[in-house]
Each structure stands twice: as C-alpha cells, then as structure tokens.
Number of protein chains: 2
Amino acid sequence: MERHKDKKKKEKENEADTSKWLLLDNQLCFRLYSASKALTSAYDPMLKPLDLTYPQYLAMMVLWEKDDISVGEIGERLNLDSGTLSPLLKKLEAKNILVRARSATDERMVTIKLTTKGHDLKKKVLKVPTQMICRIDLNEKEIADLSKRLDFLMSNLVKTAED
Amino acid sequence: MERHKDKKKKEKENEADTSKWLLLDNQLCFRLYSASKALTSAYDPMLKPLDLTYPQYLAMMVLWEKDDISVGEIGERLNLDSGTLSPLLKKLEAKNILVRARSATDERMVTIKLTTKGHDLKKKVLKVPTQMICRIDLNEKEIADLSKRLDFLMSNLVKTAED
DNA sequence: TGAAATTAAGTTGTGTACAATATGTTGGCG
DNA sequence: CGCCAACATATTGTACACAACTTAATTTCA
C-alpha cells in the first residue's frame, strides 16, 4: 500500500489517495459515530431499571455534582441547547426527580433543583460506571490516554469551527 | 490523587473510588458522545451544499463502494436497522440519488441502485474527507492508532453484550 | 405438501439533536 | 424614562435511532 512512493508517481496517486479516504473502513469519524451508538446502547439496559435514558443520565450527573443551576449551565456542561434540554428536563420533572422553577432574581432563567427522589437515585446509579468500565475492558491508563486524544480532537474541531 | 495507597486505606476508598467515576469529566463515554456529535456538526456545513446529512453520506459511501445491494446489507455495514434506513433511503430516492425496488429473486428484499445522479455525487464529495482530516489535525499514524483503540472498544462492547 | 418458524423490510411510538424562530426579561443608553 | 439590543428559555420542524410490532415472502421439516 505504501510502496512506489517516488515523486513521479505521487502526483498520479492524488486521486486514488483522495478516494481511499472515502472508504468506510478508513473513516475515523464513522468509528466514533459507531462507538458512541454502541456505548449508548450498552448503557440502556443498565439505566432502564432506573427509568433513565443516557442523555437523562448525563443531565443527572451534572446535577449530582452541583444542584440548583440553570438550564443554560447544564447545556454548557453537556454541549446541548435548550431545544434538547427543555423537553428532557420536563420529562425528568414528570418523574419527580427534579423541579423546574423560574429564577426569582432573573426571570429569564429556569433553575433546576433535585428532589429527594433525585438525590436518592445517585446511590442506585453508583454501580453503573463500574459495570461499564468492566465492559470497556481498558485499564485506567488506557482510558486516560483515549480520553486525552478525544479531547484533543474535540478542541481541534471547535477551534477550526471559528472561521 | 494516587497517594496513600496502603492496603488499610484502600478499602475505605472504595466508595470514593466508585463515585469518582460518576464525575462527568472522568467519563470516557461522555467524551465519545460529545466527540461524535462534534464530528457530525463539523460535517454538516460541508455536506449541506450536496444536500446530504451525515447518516445519508454514510449510506452513500457504502453504495459508492458496492452498488445494487439490499437494505439489510447497508444496515449491516452501518449498524443501522430498517427502522432508521427505510425512511432515510426513501429520502434519498426522493432526491433521485437512488432507486429502491423489490428483488426479483427474493421479494422480501429491497435492492438499492444508484442513479446517474447518485454516481456523479461521488465526484463532488471527494474533497469532504480531505477537508475533515485537516480539521481533525491528526496525522495518518495517529488516526490509525485512535481507530484501532475504538475498534477494540467496540469489539469489547459487542462481545460482552452476548450475556 | 403444508403449517410453523424464520427472515426482510416497513411502520409506529418515544426520545433525542439541532436549526430557526418565538416569547418574555433584563441591561444599557440616549 | 423609554426604547432596543442582548439574553434565557421554549417551541416548531426536520432528521435520526431504536424498540416493538406488522406484513409479506421464504424456508424448514414433520
């Protein structure tokens, strides 16, 4: 595949070089897309007994770390906009896991507070990340390493988005 | 963070050890979820002039590699079921990019064939992967490396899903 | 051969995602 | 003070994703 790389041929290879990146198996992006879906569906059976979807679980993780914050703050943390979060948080409110209320000081904002049920849910969910780490079957160093690469990739995408 | 690891304390750390994995910033899965979304939204402006979404682009990549295949074969390649593919392929048919037709030999199957417009679209799309590689800003080795890790992760998830 | 199991695709219902827009609130600023 | 740009959230519309179910065709095998 990497033979015959003398300069005369290199230009001729350009077209082939370009279209080899169009092969699905060569696409990093497709792997990320697939891996992300696979992870979500791996979470689902663990979260189902807790009546949570994966995005709902993410929102809860934000709230377990710090309660009494605005919709916008959650969105900043998860990279989700109000179009996604508004209905999601309404569903969590319908399950009595949290309460939404207009802020008294700034009525543009909606403040999210966990209920007792919402706080208690954290105990039940503690085993989920551990189970997931087992299934991923990577050690702590490998996870950190992969995380670092993904962070680098993300920052490049964000950086070049400002054009 | 890694100090004080004598055996007496290790057991006491268990609970803290467990809940540290519940922190969003420690979650590999959240990074994958975010990276996947970021990549899709990076594709969108490139694909918009071609009137394709990212999942539609993936389906087209499969078809550019091998035409005249069934819905199921596309789904196997992309890990998508008929619930996702049926409407997606109908949209591509409405754009005159492909044609869907019941197979003559097995009428349960629907065979997908690219139209001339569908084949021609490949030329216009050739620059997309190259542009994306620039934005990702990883060299060929780093991409291969990251891909390998994601493949490993995926195979672990699939493997442990058979329980 | 013919009923039952299997298979392929489509449909329905729920839940994200996000662009674009709407609505109400707040903070300037002339 | 009053107007207006900026802001926070909600709503609408489009497009996945997938579980569960339906429909129709094929295969299996008693």
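Lettering of chains follows the sequences in order, A, B, ..., and the numbering in each one begins at 1. These numbers come from a predicted model, not from an experiment.
Both A/Asp44 and A/Thr84 lie near DNA chain D, and the one whose nearest nucleotide falls closer to the 5' end is A/Thr84. Summary of the strand contacts: A/Tyr33 and A/Asp106 both lie near DNA chain D, and taking for each the nucleotide with the nearest heavy atom, the more 5' one is attributed to A/Asp106.
Proximity of a side-chain donor or acceptor of B/Asp67 to a complementary backbone N or O of B/Leu114 within less than 3.5 Å is detected.
Residue B/Arg108 has its side chain nearest to C/dT6 when only D/dC16, C/dT16, C/dT6 are considered. Checked against D/dA15, C/dG10, D/dA10, the side chain of B/Arg102 finds its nearest nucleotide in C/dG10. The side chain of B/Ser82 lies closest to C/dT11 when the candidates are C/dT11, D/dC16, C/dT16. Ranking D/dA17, C/dG10, D/dT9 by closeness to the B/Val71 side chain, first place goes to C/dG10.
The base of C/dA9 has none of its N or O atoms less than 3.5 Å from a complementary donor or acceptor on the side chain of B/Ser86.
Residue contacts for A/Thr111: at a heavy-atom cut-off of 4.0 Å it reaches no nucleic acid atom on any strand shown. Contacts of A/Gly83 with the nucleic acid, taken as non-hydrogen atoms under 4.0 Å apart, include base atoms. Counting any heavy atom pair closer than 4.0 Å across all strands shown, A/Ser103 reaches no nucleic acid atom.
Distances shown here put every side-chain N or O of B/Thr40 at or beyond 4.0 Å from the OP1 or OP2 atom of C/dA17. Phosphate proximity of D/dC16 to B/Lys90: absent, as no side-chain N or O sits under 4.0 Å from OP1 or OP2. OP1 or OP2 of C/dT16 lies within a sub-4.0 Å distance of a side-chain N or O belonging to A/Thr53. Taking only side-chain nitrogens and oxygens, A/Lys37 never comes nearer than 4.0 Å to OP1 or OP2 of C/dA17. Distances shown here put every side-chain N or O of A/Lys48 at or beyond 4.0 Å from the OP1 or OP2 atom of D/dA19. Considering only side-chain N and O atoms, B/Ser70 lies under 4.0 angstrom from the phosphate OP1 or OP2 of C/dA9.
A salt bridge links A/Arg77 with A/Glu65: the closest approach of a Lys/Arg side-chain nitrogen to an acidic carboxylate oxygen falls below 4.0 angstrom.
Per the geometry, CG belonging to A/Leu85 stands 11 Å off C1' belonging to C/dT16, to the nearest Å. In this entry the distance linking CG of B/Leu80 with C1' of D/dA19 reads 14 Å, nearest Å. Across the protein-nucleic acid pair, A/Leu47 atom CG and D/dC18 atom P stand 16 Å apart, rounded to whole Å. Here the P atom of nucleotide D/dA15 and the CD atom of B/Gln56 are 7 Å apart, to the nearest Å. With rounding to whole Å, A/Asp81 atom CG is found 12 Å from D/dA10 atom P. In this structure, CE of B/Met109 is placed 12 Å from P of C/dG10, rounded to the nearest angstrom. Rounded to whole Å, atom P of C/dT11 lies 12 Å from atom CG of B/Leu89. If you take CD of A/Glu107 and C1' of D/dT9, they are 13 Å apart, rounded to a whole angstrom.
With rounding to the nearest 0.5 angstrom, the NZ atom of B/Lys37 is 12.0 Å from the CG atom of B/Leu39.
A/Asp120 pairs with exactly one of A/Lys124, A/Lys117, A/Lys123, A/Lys122 by the side-chain hydrogen bond (donor to acceptor under 3.5 Å, both in side chains) rule, that one being A/Lys123. When the options A/Leu78, A/Leu88, A/Thr84 are evaluated for a side chain to side chain contact (heavy atoms under 4.5 Å, CB included) with A/Pro55, the one that passes is A/Leu88.
Note on ring orientation: taking the six-membered ring where Trp is involved, the planes of A/Tyr57 and A/Tyr43 are tilted (angle from 30° to 60°).
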